[in-house]
Amino acid sequence: MKYRSRFDIASTILNGAMEGTATKTRLMYGSFLSFAQINEYLKFLLGKALISRDEKARTYALTEKGLRF
């Protein structure tokens, strides 16, 4: 696999969260990241309000800001 930039990885995660029913595991496998790596990226994306988390269903969804990104 070729080297991917942080921008490419974040873009892959956001594409995976586009449906609004993506679990952490689905995002992890879809973007080919380890558990530690996906936690780091999700923390960053949540902090920048590019994705949102549904605590009850434990899913991630794309926000309007994330869609524009």
Side-chain angles (χ1 to χ4, degrees):
M1 180 175 259
K2 70 173 190 160
Y3 176 78
R4 299 181 295 167
S5 68
R6 288 183 163 276
F7 177 81
D8 292 334
I9 295 171
S11 177
T12 304
I13 294 170
L14 292 175
N15 282 333
M18 210 174 260
E19 295 177 14
T21 58
T23 61
K24 185 184 289 190
T25 304
R26 174 73 53 198
L27 295 174
M28 184 175 77
Y29 288 142
S31 56
F32 302 103
L33 296 174
S34 69
F35 185 75
Q37 290 170 321
I38 195 70
N39 282 336
E40 180 183 327
Y41 279 100
L42 288 176
K43 183 178 170 183
F44 171 76
L45 294 171
L46 286 167
K48 298 293 183 185
L50 296 174
I51 59 173
S52 61
R53 182 169 193 256
D54 181 5
E55 296 289 333
K56 188 173 183 182
R58 295 184 185 178
T59 58
Y60 294 87
L62 197 59
T63 62
E64 184 65 35
K65 186 177 177 182
L67 187 60
R68 285 184 275 140
F69 175 79

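What's counted below: heavy atoms across the whole structure, side chains too, no hydrogens, waters or symmetry copies.
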Closest approach of [X] and [Y], non-hydrogen atoms and distance?
X	Y	result
Ser31	Ile38	OG-CD1, 4.0 Å
Ala10	Leu45	CB-CD2, 4.2 Å
Thr23	Tyr60	C-CD1, 4.3 Å
Leu46	Arg53	CD2-N, 4.0 Å
Gly16	Ala22	O-CB, 3.5 Å

Keeping the roles fixed (side chain from Lys48, backbone from Lys65), state whether a donor-acceptor pair exists under 3.5 Å.
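No, Lys48 side chain to Lys65 backbone: no donor-acceptor pair under 3.5 Å.
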Is the side chain of Thr63 donor-acceptor paired with the backbone N or O of Leu50 at a distance under 3.5 Å, no angle test?
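Checked: pair present.
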Taking a hydrophobic cluster as the set of Ile, Leu, Val, Met, Phe, Trp and Tyr residues connected by side-chain heavy atoms closer than 4.5 Å, whether directly or through intermediates, do Ile13 and Phe32 fall within one such cluster?
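As far as the 4.5 Å side-chain criterion goes, Phe32 and Ile13 are not connected within one cluster.
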Inter-residue atom distance [X].[atom1] - [Y].[atom2], 0.5 Å rounding:
X	Y	atom1	atom2	result
Leu33	Leu42	CG	CG	9.0 Å
Ile51	Phe69	CD1	CZ	12.0 Å
Gln37	Asn39	CD	CG	10.0 Å
Thr59	Asp54	OG1	CG	4.5 Å

Under a plain distance cut-off of 3.5 Å, with no hydrogens placed, do Thr12 and Asn15 share a side-chain donor-acceptor pair?
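The answer is no; no qualifying pair exists.
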Who pairs with Arg58 by salt bridge (Lys or Arg N to Asp or Glu O under 4.0 Å), at least two apart in sequence or on another chain?
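None.
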